[in-house]
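Down below is the structure, laid out as structure tokens.
Quick caveat, the model's predicted, so the values are computed rather than measured.
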Amino acid sequence: MLLPLEIATVAESHWTSMLSECAAIPSWPTALQEELKTVVGLSPFVATTLARHPELVAQLPTLLSVQQRADHYRTELAQRLSTCHTEVEAMHCLRDFRYQEMTIIAWRDFLAKWSVTESLVHLSELAEAIIFEAYRWLYRICCDELGTPMNAQGEAQPMLIIGMGKLGGGELNFSSDIDLIFTYPENGETQGTRRSIANAQFFTRLGQRLIKLLDQQTVDGFCYRVDMRLRPFGESGPLVMSYAALEDYYQEQGRDWERYAMVKARVMGREMYPQYQELRQMLRPFVFRRYIDFSAIQSLRRMKAMIRSEVRRRGLTNNIKLGAGGIREIEFIAQSFQLIRGGREPLLRKRGLLETLQGIGELNLLEPDEVQTLTKCYLFLRRLENLLQALNDKQTQTLPDNRLDQQRLSYAMGFADWDALNHTIVATMDSVHHIFIALIGEEDEEQESQTIAEHFSELWDMAHNREVISQIFQQDLQMAESESLVETLLQFKHDLAKKTLGPRGREVLNHLMPKVFHTIFAHPDAQFGFARVLNLLNHIVTRTTYLELLDEHEAALGQLVKLCTASPMISEQLARYPVLLDELIDPHQLYHPIELTEYRRELHDFLARIPEDDMEQQMEGLRQFKQICILKIAAADIAGVLPVMKVSDHLTFLAEAIVEAVVHQAWGQVKEKYGVPTHLKEREGVGFAVVGYGKVGGWELGYSSDLDLVFLHDCPVSVYTDGSKEIDGRQFYLRLVQRIIHIFSTRTASGILYEVDTRLRPSGASGLLVSPLDAFQEYQVKEAWTWEHQALVRARMIFGDTPLQAGFKQVRHDILSLPRQDETLRQEVVEMREKMRVHLSSKKPGRFMLKQDEGGITDIEFLAQYLVLRFSHQEPLLTTWSDNVRIFESLAQQNVLSTESAAALTHAYTSMRDQIHHRNLLNLSADVAEDKFVSEREKVRSIWQQWLS
């Protein structure tokens, strides 16, 4: 058949050039000259290789005279490598040899000088020869440098190189990656050099250098792209593992896709067969199971979905591997029978696809004509694939869209033109797809829910492949900011490979993850929830019980995604303390926090389950109760069940209940050691009080607020305890407070209880941790600064005996009601505000700092404190409340503030608090754009000017 004109023109150009380079060509037989002219016209790869290596042209008659060249690959390459003394020389040698032999293979492919099976065998044998001879050459060098690796019996240890995929099956593509796994029989150390190293270290260095020999791009190109991702733990796993470590991994953590991969596994180098048999026997129970298990069937469904999804997603109508009816579908048909029946049927344990199809036929698992059709179609498509890749030595399965390459393929495949070839390709793939559908079952492609489910299954199954998951995020899920999602998923998969999951854990995870994705991407803010949910799963993934909880309770998974998406604070809490996941099961309970008045009783009941003498568990119980309650409060907050003021009420009542429980725990411990002060014999209670300042004093606690506390007692001087170890009564209360602070601040498995700040006590950090009430009063009258009286405005007793309650209330009232000189008071309040603004403000360009900037929350608080201190002498009722909202109500009722001003300050205060509160839920700083709260800030400034200018 004559070459088409366009190909002939290209061939003539190359032919003319080669004649000038190689004077021997005219002396060749005419048939060989014509073959040369035809091949350089059909394959730019061959033409380029011969142009770069004119010496190869002269050798062609000799090279082509040997039909079974694979028989001599290793001996010839070994002899060439024996003259190499450096790795640079070895790289050049290996690449020269590959180009020589790939040229001969391409020659015979394009001229149909042999069958496609002969071509595949030669490609596989060539790769094996290059891999194994490079290893043998490098092994000797490494032994000279590092010593010879030995086992305990003093026997030298080799490194086995296991070829996976098409290399293992002896069906390598013309231009293909090679998938490898490195292993060695036994641990030990090297011998023969001054310094020994572990075998694992030796083989890791050897493996790294071998990959470099094969994979590194040099001026001569490269031999093969080496892919090591099929090894245990993938890219994050060790490069080389011992037999025992491999067996442990596959028995404990091996996944279904690793079973498929291991079916084709074959050791490189026939000398290694005896050693490999031991490993193969170890792994056989993993690869071929004696039963059909549920997970295998599930895996087949996922594989099928992935095939169809990839075809649809990438629009692969012209891809002879991945398109409908392509090579991938034939492989899937064979693999499905191997996976399900290979454990029982030795005929299905073959590595090659053709011999597997033969076994399927002999076992009557498919009709004879179906086996024949699949075999014929496979050979046709594989020959076409080889020619397609041999055009330019490129790894591709997509049919060309340029006319010249289409003509080249048509000619090489024996067709008159591209239309004729394309018609046969379509018919061939239709035949395969018909059998695939008949075997696997047709699916309704119109069912949107099924399509969506496939997206999420594929998103998980292909989570190691950046290109695929990027397309799913962009095209199928329409996510605008897809790059960060891709990075998050890749990192999650990478982290997962480092964790030890048993077979059950992996099975549950594989079943759960598509549900997780479906739930996340049903949420309008999926871009926020995705990273948070995956971070949480990363923390709990080794705890199969929690995975099962989410897998079995759809509502729990929904709540988890909803809460994590709404609040990073909640997602971090759940990740840190997975025990809280149990609270997600009942949404009704989750979104209905405890009644305000019930926190004390609920905490008492919660702690009653823990032995009183087990202080460690009692402390842990306090923390767990707090976390559960905060989760419920936050859930109700996010759901809009609780407004911000009620959220603070709940957080404050919770804190009060915990303070009371901590005091009782500390009291019991100190009492056991010292007894109790004797002044308590004639009265009820403990003679002790806790005063809350700031947010807890003003019923304004946030999710992560500290507790500002001051401790008081009413123990007279010269009182002692009545225990066997007698101490001074006031010393007893000091020990009690030390114990209270210890219970609050000790970090257990569930973290600390609250940060406690005691610096507002008399004399601050230099003062006593606990004061008698009369000393507290004396300090407030004689020594306290104005800012300490401001703080007292927001103080109230949150725990204490009735006498102390009444005593503190009276002291606070008396101090706040002291007559003050207005000018002095105004000056001191303003000066303190300015100091705070200088030290605490961190102005961001274009942002309004909600707390510290002018017109913000602190200005409002200072106004409330100033007005209480200024007018309580005249209006005693102003000392009643410690929270700002009710202080403003009182100021209006007593006609200190106009109703309008009180309402404006209350509105500004609650609005800004609400904003801070929700930014806290999102782990964002307390600032907003400068154009927010403009009218509120102006009103606050106006009132500030009125009173404090």
Side-chain angles (χ1 to χ4, degrees), residues 569 644-645 647-648 651 692-708 755 757 759-760 764-765 785-795 825-870 882-885 887-888 901-902 904-949:
M569 182 202 78
V644 64
M645 303 296 288
V647 169
S648 292
L651 293 171
Y693 277 71
K695 286 190 171 68
V696 69
W699 285 283
E700 295 169 0
L701 277 182
Y703 289 109
S704 54
S705 296
D706 300 349
L707 297 184
D708 292 301
E755 292 279 0
D757 191 335
R759 288 174 296 178
L760 287 174
W785 297 80
T786 297
W787 66 264
E788 292 178 280
H789 289 171
Q790 286 181 248
L792 196 60
V793 171
R794 296 194 5 117
L825 175 64
R826 183 186 298 117
Q827 182 180 346
E828 289 176 346
V829 170
V830 170
E831 284 178 357
M832 176 54 65
R833 181 68 192 98
E834 289 302 322
K835 282 182 183 178
M836 287 182 67
R837 189 172 284 124
V838 169
H839 287 97
L840 299 177
S841 181
S842 54
K843 185 64 180 172
K844 299 179 184 177
R847 306 293 290 178
F848 168 56
M849 313 304 289
L850 287 157
K851 291 184 75 172
Q852 295 300 336
D853 277 357
E854 190 177 341
I857 283 177
T858 307
D859 280 0
I860 299 171
E861 291 175 338
F862 268 54
L863 273 166
Q865 292 157 17
Y866 163 75
L867 292 170
V868 169
L869 295 177
R870 170 73 179 79
S882 58
D883 62 292
N884 290 306
V885 170
I887 287 174
F888 289 131
S901 293
L905 289 171
T906 300
H907 169 71
Y909 183 68
T910 54
S911 300
M912 291 181 198
R913 267 193 63 207
D914 193 34
Q915 183 66 228
I916 288 178
H917 174 75
H918 287 295
R919 290 184 71 80
N920 285 342
L921 272 178
L922 297 170
N923 276 6
L924 298 173
S925 56
D927 59 88
V928 294
E930 218 160 29
D931 61 357
K932 303 293 184 186
F933 297 105
V934 174
S935 62
E936 289 86 350
R937 287 148 59 189
E938 285 302 321
K939 194 65 182 174
V940 173
R941 286 195 196 100
S942 171
I943 298 171
W944 181 278
Q945 291 290 329
Q946 177 187 343
W947 290 102
L948 290 165
S949 170

Y703: ring-ring contact (aromatic ring centres under 6.0 Å, His included) partners, not counting sequence neighbours: H917
[atom1] of [X] to [atom2] of [Y]: how many Å apart, nearest 0.5 Å?
{"X": "I887", "Y": "I860", "atom1": "CD1", "atom2": "CD1", "result": "12.5 Å"}
{"X": "W787", "Y": "E831", "atom1": "CH2", "atom2": "CD", "result": "15.0 Å"}
{"X": "L863", "Y": "I943", "atom1": "CG", "atom2": "CD1", "result": "7.0 Å"}
{"X": "M849", "Y": "I916", "atom1": "CE", "atom2": "CD1", "result": "9.5 Å"}
{"X": "L792", "Y": "Y693", "atom1": "CG", "atom2": "OH", "result": "4.5 Å"}

Trace of the side chain to side chain contact (heavy atoms under 4.5 Å, CB included) decision for T786 with M832: CA-CA 9 Å; T786 297; M832 176 54 65; over 6 Å; no
E854 and V940: CA distance, side-chain angles, deciding distance, side chain to side chain contact (heavy atoms under 4.5 Å, CB included) verdict: CA-CA 9 Å; E854 190 177 341; V940 173; over 6 Å; no
Are side-chain heavy atoms of [X] and [Y] found at a separation under 4.5 Å?
{"X": "Y909", "Y": "E700", "result": "yes"}
{"X": "S882", "Y": "W699", "result": "yes"}
{"X": "Y866", "Y": "V793", "result": "no"}
{"X": "L701", "Y": "L707", "result": "yes"}
{"X": "L825", "Y": "L869", "result": "yes"}
{"X": "W785", "Y": "E828", "result": "no"}
{"X": "R833", "Y": "M836", "result": "yes"}
{"X": "Q915", "Y": "F933", "result": "yes"}

Check against side chain to side chain contact (heavy atoms under 4.5 Å, CB included), V934 and F848: CA-CA 10 Å; V934 174; F848 168 56; over 6 Å; no
Heavy-atom pair with the smallest gap, counting every atom of E936 and A908: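 So the two residues come closest at CB-CB, 3.8 Å.
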Minimum-distance pair of heavy atoms, taken over all atoms of K939 and A904: CG-CB, 3.4 Å
Other residues, nucleotides, ligands: >12 heavy atoms within 6.0 Å of R759 CZ: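 Result for CZ/R759: open.
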Residue list, salt bridge (charged side-chain N to carboxylate O under 4.0 Å, His left out) with R919, at least two apart or on another chain: none
With E930 via salt bridge (charged side-chain N to carboxylate O under 4.0 Å, His left out) - residues at least two apart: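 Once residues adjacent in sequence are excluded, the partners of E930 under the salt bridge (charged side-chain N to carboxylate O under 4.0 Å, His left out) criterion are K843.
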Donor-acceptor pair between R913 and S648 side chains, under 3.5 angstrom: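 Yes, side-chain donor-acceptor contact under 3.5 Å.
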Short side-chain donor-acceptor distance under 3.5 Å, E861 and Q865: no
salt_bridge(D708, K695) N-O dist < 4.0 Å: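 K695 and D708: not salt-bridged.
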Charged N-O contact under 4.0 Å between E938 and R941: yes
Qualifying residue, where the test is side chain to side chain donor-acceptor pair (under 3.5 Å) with D859 and the options are R837, Q852, R937, K851: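 Running side chain to side chain donor-acceptor pair (under 3.5 Å) over R837, Q852, R937, K851 with D859 returns exactly one hit, R837.
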